2 protein chains.
Amino acid sequence: MVEAFKKHLAKFGAVSESEEALISTYFQLGSLRKKQTLLKEGSVCKYLYFVAQGCLRMFFVKDNGVEQTTHFAIENWWLADYFSFLQQQPTEFNIQAVEPTHLLAISYPNYERLLQQVPQMEKYFRYIHQRESAAAQRRIKYLYSLSKEELYHSFNDSFPEFIQRVPQYLVASYLGITPEYLSELRKKLFLKPV
Amino acid sequence: MVEAFKKHLAKFGAVSESEEALISTYFQLGSLRKKQTLLKEGSVCKYLYFVAQGCLRMFFVKDNGVEQTTHFAIENWWLADYFSFLQQQPTEFNIQAVEPTHLLAISYPNYERLLQQVPQMEKYFRYIHQRESAAAQRRIKYLYSLSKEELYHSFNDSFPEFIQRVPQYLVASYLGITPEYLSELRKKLFLKPV
DNA sequence: CGGTCTCTTGACGGAGTTCAAAGCTAGTGG
DNA sequence: CCACTAGCTTTGAACTCCGTCAAGAGACCG
């Protein structure tokens, strides 16, 4: 089992070595090159993904053809279209590697089995989903309260390293603005630095 | 323990009568009149609320003074500001009854104790939060992909009974539009019915 | 019935999009 | 290691969705 995941598990409660070995049998390892696709709209989201190293993004394609990024996942984050995963129904999302990425994947049947076999994992995933719900609430608050310009500044302030890591058009895609407008905002920021 | 919650619990896995009795000791019952406040911004969200009957809304106040509703909770839904609840830190949200409402409440210490005492509840809340995460993903997709007009139509189509149940200005508040613009959209819809 | 909420109407303005085109940058193959 | 090209970023002008403001018309409750 990948070191990063072991550590993450340990953070949320001790797991014995034998349990660790058992848990690891439920997962698969994977590697992706930059821009490689992990999930394609129309197919079923068969796995829950844990990013050990690298960066994924989830996006959908709008009516006008523009790719709208809804989630990024970097080290120690889980990613999946939960609706598609839980119902095992076709997804409207795509998942793609932003950088070369190493990940763990667990299939839906294995997810269910693992939760049954290792009760400790119920607690782990309760934590994970609880935290996701909390994050989603904040996210929704931001989306409602901030203008696009404020969203950009808040994103800049909250994730300065991340801005370096991904190209601008992906930042624009995540913020829900056009690359043209992002460019305008950057110019403004550059002209009048605080 | 309130009948509605019993049934909801049972849906996610059998619970014996003695467990049921034990579980019920962790909860408090409450009733609210219309417009009565349950959580006030600046205070800590001390409880997780389960709506047995009625309707709650969660909202925050924007810089311009407008109340922005982010969540409604009707029968069988849980509501809380998870960030405030989990960290026991001051919230930026308010929770208020839209209708006369009956609810169950569980405090943070009791929540933790309950999860420890009754492992079955780990599974229950894993389900709950998992479902919330899935719902949040769809919500975010809607917010990014639809214009305000499309948001209104989609809300109308998805929750026709709900539209009857709450006043228009709350619908506008939830959609993130002004009552004036909602009025314009309604007129348009009325003038050219499909 | 009188007053306070709620909903509607219309004029105007601004944040952010669209379209078109040019300038940059980085990866690729020769 | 350089040159070429495709993809990324910037500019600017025209346009649109939706918010703001102001005022009037209903509707509900004491």
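Since the model is a prediction, treat every value here as computed from it, not as a measurement. The chains referred to below are lettered A, B, ... by the order of the sequence lines, with proteins before strands, and numbering in each begins at 1. Heavy atoms only: backbone and side chains are in, while hydrogens, waters and symmetry mates are out.
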> Does the ring center of A:F93 lie less than 6.0 Å from the ring center of A:H71?
Replying inline: no
>> Taking the nucleotide of DNA chain D with the nearest heavy atom to each, does B:V66 or A:S183 sit closer to the 5' end?
In response: A:S183
> Looking for any heavy atom pair under 4.0 Å, which part of the strands does B:E184 touch: base, sugar-phosphate only, or nothing?
Replying inline: nothing
>> Counting only heavy atoms not in B:K62 (residues, nucleotides, ligands), do more than 12 fall under 6.0 Å from its NZ?
In response: yes
>> Suppose we call two aromatic rings close when their centres sit under 6.0 Å apart. Are A:W77 and A:F72 close by that rule?
In response: no
> Are the aromatic rings of B:F60 and A:Y144 close, with centres under 6.0 Å apart?
Replying inline: no
> Could you state the CD1-P distance from A:I163 to D:dC8, rounded to the nearest angstrom?
Replying inline: 17 Å
>> Measuring from the side chain of A:E180 (C-beta onward, heavy atoms only), which nucleotide among C:dC7, D:dG19, C:dA20 has the closest atom?
In response: C:dA20
> For B:L182, which contact category applies under a 4.0 Å heavy-atom criterion: base, sugar-phosphate, or nothing?
Replying inline: nothing
> If you look at every strand shown and take non-hydrogen atoms under 4.0 Å, does B:K35 touch a base, only sugar-phosphate, or nothing?
Replying inline: sugar-phosphate
>> Please report the distance, rounded to the nearest Å, between OH in A:Y169 and P in C:dC24.
In response: 21 Å
> Rounded to the Å, how far apart are B:Y144 OH and C:dT17 P?
Replying inline: 12 Å
> Quick one: which of D:dT9, C:dT8, C:dG16 gets closest to the side chain of A:P167?
Replying inline: D:dT9
> Side-chain N or O of B:R186 less than 4.0 angstrom from OP1 or OP2 on C:dT8?
Replying inline: yes
>> If I take atom OH in residue A:Y181 and atom P in nucleotide D:dT16, what distance separates them, rounded to the nearest angstrom?
In response: 19 Å
> What is the distance from NZ of A:K188 to C1' of D:dT10, rounded to the nearest Å?
Replying inline: 16 Å
> Does B:K141 come within less than 4.0 Å of A:E41, counting only side-chain N to carboxylate O?
Replying inline: no
> Are A:K187 and D:dT11 close enough that a side-chain N or O sits under 4.0 Å from OP1 or OP2?
Replying inline: yes
> With respect to the phosphate group of C:dT17, does any side-chain polar atom (N or O) of A:T178 fall under 4.0 Å of OP1 or OP2?
Replying inline: yes
> Quick one: B:L185 CG to C:dC7 C1', roughly how many Å, whole number?
Replying inline: 14 Å
> Rounded to whole angstrom units, what separation is found between the OH atom of A:Y152 and the P atom of C:dA15?
Replying inline: 18 Å
> The side chain of A:Q168 lies closest to which of these nucleotides: D:dT9, D:dC18, C:dG16?
Replying inline: D:dT9
>> Rounded to whole Å, please give me the gap between CD1 in A:I177 and P in C:dT18.
In response: 12 Å
>> Please confirm whether the shortest side-chain N or O distance from A:N64 to OP1 or OP2 of C:dT17 is below 4.0 Å.
In response: no
